[in-house]
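Every number for a ligand or one of its atoms is a count from 1 in the order of the listing. Every heavy atom of this structure was used, including side-chain atoms; hydrogens, water molecules and symmetry mates were not.
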Amino acid sequence: MRIDVVSVFPEYFDVMGLSLMGKAQEKGILRITAHNLRDWTHDVHHSVDDTPVGGGAGMVMKPSVWAECLDELLGLDAPDAATPCAGSSADCAGSPVDRAGDAAPAPVVIFPNPSAPLFTQRDATELSHADHLVFGCGRYEGYDARIPEYYRSRGVDVREYSIGDYVLNGGEVATSVMVEAITRLIPGFMGNADSIVEESYTGENALLEHRQYTKPAEWRGLKVPDVLLSGDHGKVDRYRRDEALERTNEIRPDLIERLDCKALDKADRKTLMALGWEVSAAHPRRIR
Ligand code: SAM
């Protein structure tokens, strides 16, 4: 997978050479390049922002600089300035079919944005199959809304995601979060592929994971649950599954509401019923 990250602080991404992400790059399954957006400016101050149209506080990132940068990274021809690109990609001079090397896999452009839909494990899983991702890190009051609009009109898959209900100073940390969530799902990234099979938020019937323990069996007066020492794998699996259901019920009942009842086994149904859910319809329904 090729990942291009564009930021006015590309140094933020130096850490991507560390740990598993660094190893994946050494193995050649991942290539991450951080670019400085200011490299696409032409003025003496290398300015990337301007005052908001309509007034208001702060500054907004200009579309012109982003466009030069994205055209280059995506291999798109700049349209004829006399024919502004609006409407479908077919209306546009230099649509993606004009991209040099038609065989190149379609890139996905991602703009972190606190006022966008939430980025989830499902998105991470889908994007882990992409060949080329381009992240555009916003700063100030954000970026001109016409940037994603324009690239969508040229047929580019442009996504905007929030990583949570809070506001950060810039898109760098949000990009790091998404890059890590996505790349750890690339085949060959994790030393042990099983580590990503049974995790919180993973799979069709996603739950929070059960709690984890290691040795010693007793530490500072606190014991691990006896069943985990029993050596009975069936009982251990059932205990963990019930714990996952109980924790999810307590912390994220919205995930229980989304479960597919048909995919639950008899013991799952019994546990959910004891927790106050009705499980005979398509999805569990809380009854007490
Ligand atoms: N004016 C914007 C608002 O109120 O929605 C906030 C802009 S924020 C200070 C600057 C940049 O940080 C955004 O353009 C985005 O790239 C990034 N950012 C901040 N919070 C984020 C979040 N929760 N998720 C994703 N990106 C975020």
Output yes when the distance from some N or O of ligand 1 to some N or O of Cys137 is under 3.5 Å, and no in every other case. no
Determine, step by step, whether Arg240 and Glu198 satisfy the side chain to side chain contact (heavy atoms under 4.5 Å, CB included) criterion, reporting the C-alpha distance in whole Å, the side-chain angles of both residues, the deciding distance to 0.1 Å, and the verdict. CA-CA 11 Å; Arg240 287 178 165 166; Glu198 287 192 10; over 6 Å; no
Could you tell me, atom by atom, which parts of ligand 1 come under 4.0 Å of a heavy atom of Ser162? 23 (N), 24 (N), 25 (C)
Quick note on ligand 1: atoms under 4.0 Å from a heavy atom of Gly171 include exactly 12 (O), 16 (O), 17 (C)
My understanding is that we take every heavy atom of each candidate and find the minimum distance to atom 12 (O) of ligand 1. Doing that for Gly170, Ala57, Ser7, Ala116, which one comes out nearest? Gly170
Considering only the protein, which heavy-atom contact is closest to atom 25 (C) of ligand 1, and what is its distance? Asn113 N, 3.3 Å
Calculate, to the nearest 0.5 Å, the distance between atoms CG and CG belonging to Leu70 and Leu76 respectively. 8.5 Å
Can you check whether Gly164 has an N/O within less than 3.5 Å of an N/O in ligand 1? yes
Considering only non-hydrogen protein atoms, determine which one is nearest to atom 23 (N) of ligand 1 and report residue, atom name and distance to 0.1 Å. Tyr166 O, 2.8 Å
Compute the centroid of each ring, for Trp66 and then for Phe111, and state whether the two points are separated by less than 6.0 Å. yes
Students should be able to answer this: which protein heavy-atom is nearest to atom 8 (S) of ligand 1, and at what distance? Leu168 O, 3.4 Å
Interatomic distance, Ile287 atom CD1 to Met273 atom CE [nearest 0.5 angstrom]: 8.0 Å
Within the protein, is there a heavy atom lying under 4.0 Å from atom 4 (O) of ligand 1? no
Nearest-neighbour protein heavy atom for atom 27 (C) of ligand 1, which is reported as residue plus atom name and distance: Pro114 CD, 3.5 Å
Go through the structure and list residues passing side-chain hydrogen bond (donor to acceptor under 3.5 Å, both in side chains) with Glu126, not counting sequence neighbours. Arg159
Enumerated ligand 1 atoms positioned under 4.0 Å from heavy atoms of Val167: 6 (C), 8 (S), 9 (C), 20 (N)
Can you find an N or O of Glu141 that's nearer than 3.5 Å to an N or O of ligand 1? yes
For a quick check under 3.5 Å, do Thr214 and Gln212 share a side-chain donor-acceptor pair by atom type? no
Contact partition for Ala174 relative to ligand 1, non-hydrogen atoms under 4.0 Å: side chain
How far does NZ of Lys270 sit from CG of Asp242, to the nearest 0.5 angstrom? 9.0 Å
What I want to check is whether the side chains of Trp277 and Asn249 have a donor and an acceptor closer together than 3.5 Å. yes
Inter-residue atom distance Leu37.CG - Ser7.OG, 0.5 Å rounding: 8.0 Å
Say whether Thr120 and Asp123, considering side chains only, have a donor N or O and an acceptor N or O under 3.5 Å apart. yes
Of all protein heavy atoms, the one nearest atom 24 (N) of ligand 1 is Ile163 N, 3.0 Å
Rounding to 0.5 Å, atoms OH (Tyr161) and CG (Asn113) come to a distance of 12.5 Å
Do any nitrogen or oxygen atoms of Ser115 lie less than 3.5 angstrom from nitrogen or oxygen atoms of ligand 1? no
If we only consider heavy atoms of Tyr161, is any one of them less than 4.0 Å away from an atom in ligand 1? yes
What protein heavy atom lies closest to atom 16 (O) of ligand 1? Include the residue and the distance to one decimal. Pro112 O, 2.9 Å
Looking at ligand 1, does any of its N/O atoms fall within less than 3.5 Å of an N/O of Gly142? no
Show me the side-chain donor-acceptor pairs of residues 8-26 shorter than 3.5 Å, one per line, residues at least two apart or across chains.
| unit_1 | atom_1 | unit_2 | atom_2 | d |
| --- | --- | --- | --- | --- |
| Gln25 | OE1 | Ile32 | N | 3.2 |
| Gln25 | NE2 | Met16 | O | 2.9 |
| Gln25 | NE2 | Met21 | O | 3.4 |

Any N or O of Tyr140 that comes nearer than 3.5 Å to an N or O of ligand 1? no
With heavy atoms and a 4.0 Å threshold, my read on which part of Asn169 contacts ligand 1 is backbone
